[in-house]
Amino acid sequence: QLQASGGGLVQAGGSLRLSCGASGRTFDRYALGWFRRAPGTERVFVAAIKWTTGRTFYANSVKGRFTISRDNAKNTLYLQMNSLKPEGTAVYYCAAALYTSDYINGYYSSPLGYDDWGRGTQVTVSS
């Protein structure tokens, strides 16, 4: 089961690092991603990473500010968030998806491309 952690309250311009742990699972055939959902909105793609190769995917809105990574030995996914903006206030979720051609061709950015979701962690960015 995936479990996100590391959220909190931070001022605009600050940084946070989110973690997503998964015990009892292997992700050799998977990519893991981060999504966020602000109040009253749908889940929006943030970033994803192919577990074995480390190939990354980013939403344009976070490129250059956020970095997704993973620690294979610890079976943990990370999201380093720098230069946070108030519009980054949301619940952040990690999720797993089979790494297929459809995934690479676009499903990486859609919640429909993921079949296993963890509980989210709240990130609040104050202005």
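In this structure, the side chain of Thr89 engages the main chain of Val125 through a donor-acceptor pair within 3.5 Å. A donor-acceptor pair is defined here as one N or O able to donate and one able to accept, closer than 3.5 Å; no such pair exists between the side chain of Arg55 and the backbone of Trp51. Side chain of Arg65 to backbone of Ser83: a donor-acceptor contact under 3.5 angstrom is found. Under a 3.5 Å cut-off, the side chain of Thr121 and the backbone N or O of Gly7 do form a donor-acceptor pair.
In this structure, the side chains of Thr67 and Tyr58 come closer than 4.5 Å at one or more pairs of heavy atoms. No side-chain heavy atom of Tyr103 sits under 4.5 Å from any side-chain heavy atom of Leu98.
Within 6.0 Å of the OH atom in Tyr107, the count of heavy atoms belonging to other residues, nucleotides or ligands does not exceed 12. Within 6.0 Å of the CD atom in Gln122, the count of heavy atoms belonging to other residues, nucleotides or ligands exceeds 12.
Listed by chain and residue number, Arg25 satisfy the salt bridge (Lys or Arg N to Asp or Glu O under 4.0 Å) test with Asp116 (two or more places apart in sequence, or in another chain). For the side-chain hydrogen bond (donor to acceptor under 3.5 Å, both in side chains) test, no residue two or more places apart in sequence or in another chain qualifies with Asp28.
Residues Lys50 and Thr52 bring a donor and an acceptor atom of their side chains to less than 3.5 Å of each other.
One hydrophobic cluster, built from ILVMFWY side chains closer than 4.5 Å, cannot hold both Phe45 and Val123; they sit in different ones. Cluster membership check: Val91 shares its hydrophobic cluster with Tyr114, using side-chain heavy-atom separations under 4.5 Å among Ile, Leu, Val, Met, Phe, Trp and Tyr. By the criterion of side-chain heavy atoms lying less than 4.5 angstrom apart, applied directly or through intervening Ile, Leu, Val, Met, Phe, Trp or Tyr residues, Val10 is grouped together with Met81 in one hydrophobic cluster.
Taking OG1 from Thr26 and CG from Asn75, the interatomic distance works out to 8.0 Å, rounded to the nearest 0.5 Å. The SG atom of Cys94 lies 15.5 Å from the CZ atom of Arg70; values are rounded to the nearest 0.5 Å. Put simply, CG on Leu32 and OG on Ser69 are 11.5 Å apart, with the number rounded to the nearest 0.5 Å. Taken to the nearest 0.5 Å, the CZ atom of Phe27 stands 10.5 Å off from the CG atom of Asn72. Atoms SG and CZ, from Cys20 and Arg119 in turn, are 13.0 Å apart once rounded to the nearest 0.5 Å. Separation of atoms OG (Ser109) and CG (Asn60) is listed at 10.0 Å; rounding is to 0.5 Å.
Tested against Val46, the residues Leu79, Ile68, Leu18 include a single side-chain contact (heavy atoms from CB on, under 4.5 Å) partner, Leu79.
The two residues Ser127 and Ala12 have their closest heavy-atom pair at CA-CB, 4.3 Å.
Seen from the ring of Tyr99, Arg29 does not count as a face-on cation partner, given the 6.0 Å and 45° thresholds. Both cation-pi conditions hold for Arg43 and Tyr93: the charged atom is under 6.0 angstrom from the six-membered ring centre and inside a 45 degree cone around its axis.
Ring centers of Phe35 and Trp117: under 6.0 Å apart, within the cut-off.
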**Prompt:** Leu77 and Trp34: side-chain contact (heavy atoms from CB on, under 4.5 Å), yes or no, with the steps?
**Reply:** CA-CA 9 Å; Leu77 175 73; Trp34 289 99; 3.3 Å; yes
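Ring geometry, Phe66 versus Tyr92: the interplanar angle falls from 30° to 60°, so the pair is classed tilted.
Pairs engaging residues 2-15 under the side chain to side chain donor-acceptor pair (under 3.5 Å) rule: Ser15-Asn82 [sequence neighbours left out].
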